[in-house]
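Whatever order the structure lists them in is the order used to number ligands and atoms, beginning at 1.
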Amino acid sequence: MQASNVKPRLFGTNGVRGVYGQDLTHDLVIDISYALGTYFGKGAIVVGYDGRKSHLVLSRLVRSTLNSAGLDTANAGLIPTPCLQYAAKRLGYNGGIMITASHNPPEYNGIKPTAADGVEIPREDELKVEDIYYSKRFDRIDGTGQDYNDHNIVGRYIEAVLALIDVERIKQRKFTVVMDTGNGAQAVVAPIIAKKLDCKVIVINGEIDGDFPSRGSEPTPDNLEILSEAVRSAGADFGVAYDGDGDRSIFCDNTGAIYMGDKTGALLVKHLLSQKHKGSEVVCPINTSMILSAVAEQAGSKIIYTKVGSVEVSREMVKRSCPLGLEENGGFMYGPLNEVRDGAMATALMLDMIAASDMSLSHQIAHLPQSFQYKTKFSCPSREAVDKIIKICIEHGSPQKIETLDGAKIWIDDETWLMLRPSGTEPLIRMYAESTDKSLLDSKVDEYRRYVRSQIS
Ligand code: MG
């Protein structure tokens, strides 16, 4: 019997996450840290955290465990995940660990390892770490590692972002930007970048608070009404909202309309393919909007599809040296900085794009190919139920074709699809749908929504 076949996976879609004190116990965190120490082999390892209430305890626990395993650590303090990843890549560390549960509810926290190349460790390496964790074959426990503070990360990161955009052209425009940092970690970086670009910056929900009292930690088109109103009343050029650890960004145009990440991401891709990155491939998960493929096709570029999950996209970008990648949930990735999702970099590129054009954001979006999208999630009693219901849905109706790269992407016709897939972190089914025909989309979404619900109850 293979031990790795019977032990539960620790890593979900993005790191090891759980309810602090229940699933994510101190014992688990210590042993995961030892396993990561053995995996990294040597330090220094940079450790950062977002604003969740358990961050200080967990950061101390992770760092002192690594120190006891003989690895030096740097305390990066409270920073967005992409800043930590940048530090791991460029500031001389042999890896990084971010204490975050990203957009999960407040009671969650997590351990997210980053390799020395600045990107989340590959999926196959997650299995190596799990094997070390379960075998308890830790290299050494000698207590010889040192811990120190690194206060230079945010400054160095901001310089690197500014070096990749046309600073002077943006400054001339004196943009007004509303930033909803959602009580999360991007409050310590994104507004500073916009101010350095001579923008008038209006920050809402700017206080760090691990309970995420304003709108929760996940920005979605449904919970950003305050952002939308603030953009309209300030006459701002655009608005942007970030998730708890600041890697995801959801944009709002100058009229207050809020968009899913693949629509604004397609616009950024169009801008970058027309300028610095002519002919580049674009990497994205299979649930991405057809708008992106239309934009890439118009620019003579090719789309590379992956399974859903930012790690899959990031690692594919690294493999292909591809500068452009994105996720529909607002995870835009710009390889010249780092092949990871980055809310502040995406915002800087949005400013760069608007400055390069005489059209407002709403006009630029209106010039994109049109499609209608829908997204929802269904809570299920268990992970087993999730898999069973998706399997039943594959047999429902008579679709044109079904792709099973990840979950089930059900093509109704050439321009209409629905996709059902299990969440990597919770017992949920995520449903995505898109069509160029609004009424067909509505009727198919309604049909599948009722069908899934009937299977759950
Ligand atoms: Mg996140």
Answer yes when Glu225 and Arg215 have at least one side-chain N-carboxylate O distance shorter than 4.0 Å, and no when they do not. no
Between Gln373 and Asp262, is any side-chain donor less than 3.5 angstrom from a side-chain acceptor? yes
Just by distance, with hydrogens left out, do Ser68 and Tyr34 show a side-chain donor and acceptor under 3.5 Å apart? yes
Which atoms of the protein, restricted to N, O or S, are nearer than 2.8 Å to the Mg ion (ligand 1)? Ser102 OG, Asp243 OD2, Asp245 OD1, Asp247 OD1
List in chain and number order the residues that pass salt bridge (charged side-chain N to carboxylate O under 4.0 Å, His left out) with Glu316, two or more places apart in sequence or in another chain; answer none if no residue qualifies. Lys319, Arg320
Pairing residues for Arg430 by the salt bridge (charged side-chain N to carboxylate O under 4.0 Å, His left out) criterion, not counting sequence neighbours: none
Contacts table for residues 14-23: side-chain donor-acceptor under 3.5 angstrom, sequence neighbours left out:
{"from": "Asn14", "atom 1": "OD1", "to": "Lys112", "atom 2": "NZ", "distance (Å)": "2.4"}
{"from": "Asn14", "atom 1": "ND2", "to": "Ser310", "atom 2": "OG", "distance (Å)": "2.8"}
{"from": "Arg17", "atom 1": "NE", "to": "Asn14", "atom 2": "O", "distance (Å)": "3.4"}
{"from": "Arg17", "atom 1": "NH1", "to": "Asn104", "atom 2": "OD1", "distance (Å)": "3.1"}
{"from": "Tyr20", "atom 1": "OH", "to": "His26", "atom 2": "NE2", "distance (Å)": "2.6"}
{"from": "Asp23", "atom 1": "OD2", "to": "Val19", "atom 2": "N", "distance (Å)": "2.8"}

